[in-house]
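The structure appears right after this line, and notes come after that.
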2 protein chains.
Amino acid sequence: MARAGKPSLDDLKTRLRDADLRATAPRLAVLRFLYEAPTPVSHAELADKLAPEGWDRATVYRNLNDLTDAGIARKTDLGDHVWRFELLKDTDGSHTDAHPHFVCDECGEVSCLPEGTVEIKSTRNGPLRLKERVSEIQLKGRCERCN
Amino acid sequence: MARAGKPSLDDLKTRLRDADLRATAPRLAVLRFLYEAPTPVSHAELADKLAPEGWDRATVYRNLNDLTDAGIARKTDLGDHVWRFELLKDTDGSHTDAHPHFVCDECGEVSCLPEGTVEIKSTRNGPLRLKERVSEIQLKGRCERCN
DNA sequence: GTCTGAATTGCAAATGAGTCGCAAGTGCAA
DNA sequence: TTGCACTTGCGACTCATTTGCAATTCAGAC
Ligand SMILES: [Mn+2]
Ligand SMILES: [Mn+2]
Ligand SMILES: [Zn+2]
Ligand SMILES: [Zn+2]
C-alpha cells in the first residue's frame with residue numbers, strides 16, 4: 001500500500017529479469033504504471049493510458065497476465081466483473097501486500113484498506129481454521145463520497 | 001441462508017406481483033430455482049438447469065436482472081468473473097440476508113458463512129464508519145477440500 | 001368471461017471484453 | 001556480432017451478455 005519512491009528504470013528491469021521476463025518497452029511501461037497506481041488498475045484503464053504511447057491492447061493484456069503468472073502482480077475481480085491488477089509485495093517487501101479492498105457499488109471507486117481492518121473470527125472449521133484459508137478479503141458498499 | 005420450507009406457487013406469484021413483476025412461467029421457474037439454491041447461482045447454471053424446461057437463455061437472463069432490479073435477488077461477482085444470483089431477504093425476513101461469502105480459488109466452490117464470521121473494525125472514516133458503509137463481504141482462499 | 005394495452009418472450013443479431021494465430025521484430029546470452 | 005526464443009502488432013475469433021423486434025401472454029377493466 002505504502003509505495004516506496006518511484007523505481008528507476010533499472011529497478012524495473014531487474015524485477016522483470018529476476019522473474020525470467022524480458023525487459024521490453026511495453027512491459028516496462030505496464031510495470032511502471034502498476035508501481036505508480038495507488039489502487040488496483042483495470043485492463044481498460046491501463047490500455048487507455050498506454051495507448052497514446054502506442055502499445056497495443058493485446059500486448060498490454062498479455063503483459064498483465066505475464067506479470068501475474070510471474071508472481072509480480074495479482075489479478076482480482078473486486079466484485080464488479082472487471083479484472084484489476086496490482087503489484088505484489090516486492091522482494092524487499094516494499095510493495096503491496098495482502099490488504100482488504102473496498103469497492104463502491106455506486107461509482108466503482110476502489111480503495112485499499114489497511115491490513116487488520118477486517119478480522120476473521122476463527123471458528124474451527126476443518127483442519128485449518130477459516131482464517132488460515134483466506135487469502136483475500138473484499139468489501140463492497142457505498143464510498144464516503146457516494147454515501 | 002437457512003431456507004424456509006419450499007414456497008408454494010402462490011407464494012412465488014405473490015412475491016413477484018408485490019414487486020410489480022408479472023408472474024410468468026419462466027419467471028416463476030427462475031424464482032423457484034433461486035429459492036431452492038443453497039448458495040448463489042450463476043446464470044450459466046440457471047440457464048442449463050432450465051433449458052430442459054424450454055426457457056430461452058436470454059429470457060432467463062432478463063429475468064435474473066429483473067429480479068435483481070426489483071430487489072428480490074442480488075447479483076454478485078464473487079471474485080471469479082462469474083455473475084451469481086441469490087435471493088434477498090423475504091418481506092417476512094425468511095430468506096437470505098447479508099452474510100459473507102467464501103469462494104475457493106481452486107475449485108470455485110462457493111459457500112455462505114454465518115453472519116458475524118467477519119468483523120469490521122470500525123475505524124472512523126468519514127461521516128459514516130466503514131462498518132456502516134459495507135453491504136457485502138467476500139472472502140477468497142482454499143476451501144477445506146482443496147486445501 | 002372478453003378485451004386491450006403493456007409487459008414479456010423467443011430467436012436472431014449485435015456488442016464487447018478478453019484471447020489467439022501468425023508473421024515480423026527484439027532482447028539477451030553466448 | 002549472431003541466433004533464436006521470446007514478444008509484439010494486428011486482425012480474426014470466442015463466448016458471455018445484451019439488444020431489436022415481431023409475436024405472445026399477462027392482468028386489470030369492462
Ligand atoms: Mn490494494
Ligand atoms: Mn449466500
Ligand atoms: Zn463511490
Ligand atoms: Zn475448493
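Chain letters run A, B, ... following the sequence lines, proteins first and then strands; every chain starts at 1.
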Reading DNA chain D from 5' to 3', where do the contacts with chain A start and stop? Cut-off is 4.0 Å to heavy atoms.
D:dA5 to D:dC10
Can you find a pair of side-chain heavy atoms, one from A:F33 and one from A:E53, that are under 4.5 Å apart?
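No; the side chains remain at least 4.5 Å from each other.
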4.5 Å side-chain heavy-atom contact, A:V41 and A:K49
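Result no, sub-4.5 Å side-chain heavy-atom pair not found.
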If you look at every strand shown and take non-hydrogen atoms under 4.0 Å, does B:D20 touch a base, only sugar-phosphate, or nothing?
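No contact.
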Using a heavy-atom cut-off of 4.0 Å across all strands, would you classify A:N63 as base, sugar-phosphate, or nothing?
sugar-phosphate
Other cluster members, A:V103 - Ile/Leu/Val/Met/Phe/Trp/Tyr, side-chain contacts below 4.5 Å
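Members alongside A:V103: A:L78, A:V110.
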What's the NE2-C1' distance between A:H81 and C:dA17, to the nearest Å?
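It is 9 Å, rounded to the nearest whole Å.
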In whole angstroms, how far is the P atom of C:dA17 from the CG atom of A:D77?
14 Å
Using a 3.5 Å distance criterion without hydrogens, assess whether the side chain of [X] forms a donor-acceptor pair with backbone atoms of [Y].
X: A:R27; Y: A:R22; answer: yes
X: B:T117; Y: A:K121; answer: no
X: B:R74; Y: B:E86; answer: no
X: B:H101; Y: B:C112; answer: no

Any side-chain donor near an acceptor of the partner, B:T14 and B:D11, under 3.5 Å
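No.
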Partner residues of A:Y61 under the ring-ring contact (aromatic ring centres under 6.0 Å, His included) criterion, sequence neighbours left out:
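A:Y61 satisfies ring-ring contact (aromatic ring centres under 6.0 Å, His included) with A:H43 once adjacent residues are dropped.
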Contacts of B:R84 that satisfy side chain to side chain donor-acceptor pair (under 3.5 Å) - sequence neighbours left out
B:D80
In B/S/- notation (B base, S sugar-phosphate only, - none; protein heavy atoms under 4.0 Å), nucleotides 24-30 of chain C written 5' to 3' is --BBS--
List in numerical order all residues of residues 42-60 of chain A for which some heavy atom is under 4.0 Å away from an atom belonging to DNA chain C.
A:H43, A:R57, A:A58
